[in-house]
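All remarks here apply to the structure that follows.
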Amino acid sequence: MNEIKISMLGISGSGKTAFLSGICDTFISGNIEVIDKKNNNDSHLFKILPYYADNLSETSVGDIRRYSIRNNRGFTSVSTENTKKYMLNIHDDCYDTSNPLCTISFIDYKGGFIEKLVNEHSDDDVKDVRNELLKSNVILIFVDAIRLSSCTNAGQYSQSLGNDDINTFFNTNKFDNKKMTILFVLTKDDSPDVSTDDEILIDRLMHAFETSVKIIERNKWNLGIVRTSAVGRNVINRENNKINPDAEIKPYGIDTVLFYSIYRTISEEVTDICLKINDMEKANVITKMSKEYKNKMKIFRLQMEQTDEVLKYIKIPYNSLRISQNLIWEQKKGTTGISAVNES
């Protein structure tokens, strides 16, 4: 199937680049094992492998391994100086040892970029990133959970979360993809300064990003909120803000974001192909006898078979316990309000 475009949106320091570290330490340095409880408790091992695409002449491809916190404990923060596109293949050892389940891409950009995205007089580099965002299958909106927990008024929201610029971005741009998934990624959730009251966090987030949420609802996109940490709990020393030397790096929520994003995107693709096939089957007898009709129907049925097969494997981690533990709130497209997630 085609590349799944996942774009990150958030102000400098919101945790976008650290999230890439979580991908590295979850899927590249290690792998995710998932038990398929519906099929004889079969074990599946999911992993991600970066690759270099031949046609990326305008976008630099960086080495995502350099972000690994597990291999570089001395840092206190990471930052991005140039816009980079990371191409990643996700594999399941039970699917096919040579072919990936799907390909995903991440766009990472330097700090302060969000302010330029809403500027009408942006340079070409900014316009390229904006175009990538507008063509995305998934947009991850990064929100610092520590800052969100401490905000109490509109002024603090704007300064700490950058929600004014993000709301403006959603309000002033026309998205190419009509079937998107939007995830609010609450970063730094491991901190003791983050509120443990889910209702407080969700209420503040929905208030701060009210404009964006209304646009998401109007467009009938999928919406979710996920708690994440690039390091895990009890890892950061609060006195010096550094990683404890003996602490085990155990990111969480990263797999939830990826599997949810991929599953929702592939589900939309399966639905879209089904609709195309159903529409074609309504054609008259003469049309169905044409070579063009038969060839097109053959292509659609092949796409349906391949995409449905991928969906079957992605559904295993999507439905696993780790998903419901971190993806706590979800709004299905075409509905209003947030509900707890517990899909089987």
Side-chain angles (χ1 to χ4, degrees), residues 1-7 23 27-28 31-40 42-56 61 85-106 132 135-139 176-181 183 221-222 255-283 287-288 290-320 323 332-333 343-344:
M1 60 176 300
N2 294 329
E3 168 195 337
I4 297 175
K5 292 181 178 292
I6 301 179
S7 295
I23 291 178
F27 288 98
I28 298 177
N31 299 311
I32 293 293
E33 184 177 13
V34 180
I35 304 299
D36 185 2
K37 295 182 179 180
K38 292 188 176 181
N39 292 291
N40 302 317
D42 291 340
S43 175
H44 292 252
L45 196 65
F46 292 89
K47 61 183 177 181
I48 283 180
L49 299 175
Y51 77 95
Y52 292 89
D54 295 333
N55 60 345
L56 294 179
V61 180
K85 183 174 185 177
Y86 298 95
M87 306 295 293
L88 309 171
N89 280 337
I90 185 164
H91 294 260
D92 175 5
D93 63 337
C94 293
Y95 173 71
D96 190 314
T97 55
S98 58
N99 293 323
L101 274 171
C102 59
T103 297
I104 58 178
S105 67
F106 273 89
E132 287 285 344
K135 294 176 182 177
S136 298
N137 302 106
V138 182
I139 291 183
D176 298 345
N177 196 332
K178 304 304 179 185
K179 299 180 179 180
M180 292 177 61
T181 292
L183 280 179
W221 295 333
N222 297 304
D255 50 355
T256 303
V257 172
L258 282 188
F259 286 132
Y260 184 86
S261 299
I262 295 169
Y263 179 81
R264 285 298 173 204
T265 301
I266 298 176
S267 294
E268 295 285 3
E269 187 167 340
V270 168
T271 301
D272 189 50
I273 297 173
C274 280
L275 290 174
K276 290 178 180 178
I277 292 175
N278 290 338
D279 287 343
M280 288 190 66
E281 288 177 340
K282 296 176 184 177
T287 300
K288 290 181 178 180
S290 69
K291 184 176 180 180
E292 180 183 359
Y293 177 92
K294 292 178 180 179
N295 288 338
K296 188 176 291 187
M297 183 63 83
K298 183 178 179 180
I299 292 172
F300 282 150
R301 292 194 184 281
L302 179 60
Q303 289 177 342
M304 182 66 187
E305 180 181 340
Q306 293 173 339
T307 308
D308 202 39
E309 177 76 359
V310 171
L311 186 65
K312 179 180 72 174
Y313 284 91
I314 288 296
K315 193 171 185 177
I316 297 167
Y318 171 80
N319 281 336
S320 70
I323 298 298
K332 296 285 186 63
K333 63 178 183 177
E343 293 207 26
S344 59

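Below, all heavy atoms of this structure are taken into account, side chains as well, without hydrogens, waters or symmetry copies.
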Spacing of [atom1] belonging to [X] relative to [atom2] belonging to [Y], to within rounding of 0.5 Å:
{"X": "Gln306", "Y": "Leu311", "atom1": "CD", "atom2": "CG", "result": "13.5 Å"}
{"X": "Lys296", "Y": "Ser290", "atom1": "NZ", "atom2": "OG", "result": "9.0 Å"}
{"X": "Asn89", "Y": "Glu3", "atom1": "CG", "atom2": "CD", "result": "10.0 Å"}
{"X": "Cys274", "Y": "Met304", "atom1": "SG", "atom2": "CE", "result": "3.0 Å"}
{"X": "Leu49", "Y": "Ile90", "atom1": "CG", "atom2": "CD1", "result": "10.0 Å"}
{"X": "Met180", "Y": "Lys5", "atom1": "CE", "atom2": "NZ", "result": "12.0 Å"}

Taking all heavy atoms of [X] and all of [Y], pick out the closest pair and write down the distance.
{"X": "Val310", "Y": "Ile266", "answer": "CG1-CD1, 3.4 Å"}
{"X": "Asp93", "Y": "Leu45", "answer": "OD1-N, 2.9 Å"}
{"X": "Cys94", "Y": "Ser43", "answer": "SG-O, 3.4 Å"}
{"X": "Ile48", "Y": "Ile28", "answer": "O-CG1, 3.4 Å"}
{"X": "Tyr95", "Y": "Pro100", "answer": "CE2-O, 3.7 Å"}
{"X": "Ile314", "Y": "Pro317", "answer": "O-CD, 3.1 Å"}

More than 12 foreign heavy atoms under 6.0 Å from CD of Glu305: is that the case here?
no
A quick test of your reading: do over 12 heavy atoms of other residues, nucleotides or ligands sit less than 6.0 Å from NZ of Lys288?
yes
If we only count heavy atoms from C-beta on, is the [X] to [Y] side-chain gap below 4.5 Å?
{"X": "Tyr263", "Y": "Thr181", "value": "no"}
{"X": "Tyr86", "Y": "Ile23", "value": "no"}
{"X": "Ile4", "Y": "Ser261", "value": "no"}
{"X": "Glu268", "Y": "Asn222", "value": "yes"}

[X] side chain to [Y] main-chain N or O, any donor-acceptor pair under 3.5 Å?
{"X": "Lys179", "Y": "Thr265", "value": "no"}
{"X": "Asp42", "Y": "Asp36", "value": "no"}
{"X": "Asp92", "Y": "Phe46", "value": "no"}

Positive for side-chain contact (heavy atoms from CB on, under 4.5 Å) with Ile277, one of Leu275, Asp279, Ile273:
Ile273
So, for Phe27 and Phe259, is the gap between ring centers shorter than 6.0 Å?
yes
May I ask you to say whether Asp272 pairs ionically with Lys276, meaning some side-chain N is under 4.0 Å from a carboxylate O?
yes
